[in-house]
Peer 1: 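Have a look at this one before I ask anything.
Below, read A as the first sequence line, B as the second, and so on, with proteins coming before strands; counting in each chain starts at 1. Keep in mind that what you see is a predicted model, and the values were worked out from it rather than measured.
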Amino acid sequence: METPARPDAAAPAPERRRFRSTLLSVMAVQVATLLLLWLIQLRYGG
Amino acid sequence: MRLLDWIVIVVYLAYVIGDGVRRAKGTHELEGYFLANRGLPWWAVGLSVMATQLSAITMIGTTGQGATDGMRFVQFYFGLPLAMVILGVTVVPFVRRARVFTAYEFLERRFDAKTRSLTSFLFLLQRGLSCGTIVAAPAVVFSAIFGWNLWWSVALIGVPTVLYTMVGGVQAVTWVDVKQIILVVAALVAVVVVLLVQLPVSPDDALRLAGAAGRMRVFDLSFDVKQTYTVWSGVIGGTFLMMSYFGTDQSQVQRYLTARSDGEARNSLLISAYWKIPLQALVLLVGVLVFVYYVFVTPPLLFNPAQAQALRAAEPAAYRELNLRYLTAVGERGAAARVASLVSGDPVARTGALTAFQDRNAAVEGVRDQAMALAERVTGEPSRDVNYIIPWFVLHGLPVGLAGIFVAAIMAAAMSAVSAELNSLATVTVIDYYRRWVRPQASDAHFLWVSKAATGFWGLFACVVATFAATLGSLIEVVNRFGSFFYGSILGVFLLAMIPGARAIGAFVGLIAGMTAVGIVNFGEPSVSFLWHNVIGAVTVVLVGMALSVRWKRTPRGMSPASR
């Protein structure tokens, strides 16, 4: 039985920074998409 | 369908077979056949991930759902972006660095052989059946619309897919997927453009009419676990479902095992994180616009021609009476829609006109509901009329050429999903069973031959299942239900694998406990919508697994906790 390696713990600082920026950009795009859908619902939702 | 449409379909089929088969060049070894020697670019892997998830059920069932139920199904995908980001830093590096062929192989290294065997068996059971359902979805509809024998419809999709997957392996699956997802998106965009051009009202008025009929409600904020599509079930249940599907299902794990590096594998998942919700909104928008199209063009009482014919034959008087009421109601609804679009400048008059349209639409839907209920009683089968709306529109509403392109796109969606599943089913059969238990020492050439035979076997199995899956109920829910029964629990095992203190006994017993918990809420009480099953399964596995692991850790060697 192997004990799992922890890639996140071993990840260097640039990797962690890149993950944080990726997370932020994905979330920003999702927020923008959801906002657009919300506006569509407000305008046309009845 | 006219000659040009058939030419488009034949050209498409010839192209995918040719393109897939010529990929066989790089697949003379097992690692090349199943993992493309871990050398594919991130964008190809990412498009393949999307193509694998998007099946013909999306093109037929989800668009139909858009026409009858509107946009709210998009909530189902709200958890996907977060799931992709989480997987990018958890499961992706773990399984890639283990240099495994299958996700379940990783579980043997971490826990034991029985956990690997049970999870891989569940995958074979679930994917083998769902593969048949995915072939069945378009085949059933094609056979009803074109009047073909169901077996021929299944063969038209199944045979080319099995052929190129068997010969070309994962290289063929991925590169054909890339073209297929492009075809699917192009066909959806083209249909939206054609619909907007064909409608006698402006896009703004079209969406107002759809909104008045309840088709533009996207968000349901109610917290009701019996409701399938709410914001909360999408964000919480959807995150667990997507983590389970993309993180533990070999048909998806195998996609990113083929990427050149961990970073490229992560990037491939982000394509879905960025584009899945907009794509799904586009799919539903097609359905919404088809609904508006049939406000102005008289639709049939029932879109499913087989059920309409059965109803007409068994209850001719009732059918005539219903059809007459229906045509009157449809005429009144169309007139109300025209009035509503004419008074769009005056807000008060517009509100009144939209309310009148809403009432007329309710009358139309009331007659249709009665017709579907009567058809169900006559035929003894669920109506599933929703799955026939888009194919009917394609056949009767799209211009020549584009109808062929859309049918080819439906076939592309089915083939891209099925090819990845056949490839992964063969991988698990060979790596987790044949090489693990039957012939561990055989040569690479032997395994390659067995892999091709296994692909052919699963293709045949899927085609046989497809001929029976037609009677299993709403197609989209059938596939998701198959998944939800096991997915959450398998995700729980992978989560345990990442916790340093977790032990094999905890993983195995936890997995059984998780599936039992899902079985209880599925068949008994409390009644919970299927999107929550993944949360229940995963949480149960982690809690039971960790409790057992901690208890086992404290037990002296050679003693079981029960013996103390």
Peer 1: Between A:Leu36 and chain B, with a heavy-atom cut-off of 4.5 Å, which part of the residue counts as in contact: side chain, backbone, both or neither?
Peer 2: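 Neither part.
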Peer 1: For B:Met216 and A:Ile40, what are the C-alpha separation, side-chain angles and deciding distance, and is it a side-chain contact (heavy atoms from CB on, under 4.5 Å)?
Peer 2: CA-CA 7 Å; B:Met216 297 305 288; A:Ile40 287 172; 3.4 Å; yes
Peer 1: Main chain of B:Arg217, side chain of A:Gln41: is a donor-acceptor contact present, judged purely on distance under 3.5 Å?
Peer 2: no
Peer 1: Under a 4.5 Å heavy-atom cut-off, does chain A meet the side chain of B:Leu82, its backbone, both or neither?
Peer 2: both
Peer 1: Please state whether the side chain, the backbone, both or neither of A:Val29 comes within less than 4.5 Å of a heavy atom of chain B.
Peer 2: side chain
Peer 1: Considering only heavy atoms, which portion of B:Asp262 lies under 4.5 Å from any heavy atom of chain A: side chain, backbone, both, or neither?
Peer 2: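 Contact with chain A is absent: no heavy atom of B:Asp262 under 4.5 Å.
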Peer 1: Using heavy-atom distances under 4.5 Å, tell me whether B:Leu207 contacts chain A through its side chain, its backbone, both, or neither.
Peer 2: both
Peer 1: Is any side-chain heavy atom of A:Arg43 less than 4.5 Å from a side-chain heavy atom of B:Arg208?
Peer 2: yes
Peer 1: Quick one: does any side-chain atom of A:Gln30 pair with a main-chain N or O of B:Pro81 as donor and acceptor, under 3.5 Å?
Peer 2: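 No.
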Peer 1: Rounded to the nearest 0.5 Å, how far does CG of B:Leu354 lie from OH of A:Tyr44?
Peer 2: 12.0 Å
Peer 1: Does any part of the side chain of A:Leu37, heavy atoms only, come nearer than 4.5 Å to the side chain of B:Ile277, both counted from C-beta?
Peer 2: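 Yes - at least one pair of side-chain heavy atoms lies under 4.5 Å apart.
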Peer 1: Write down the atom of B:Phe219, the atom of A:Leu34, and the distance for their closest heavy-atom approach.
Peer 2: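 So the minimum-distance heavy-atom pair works out to CZ-O, 3.5 Å.
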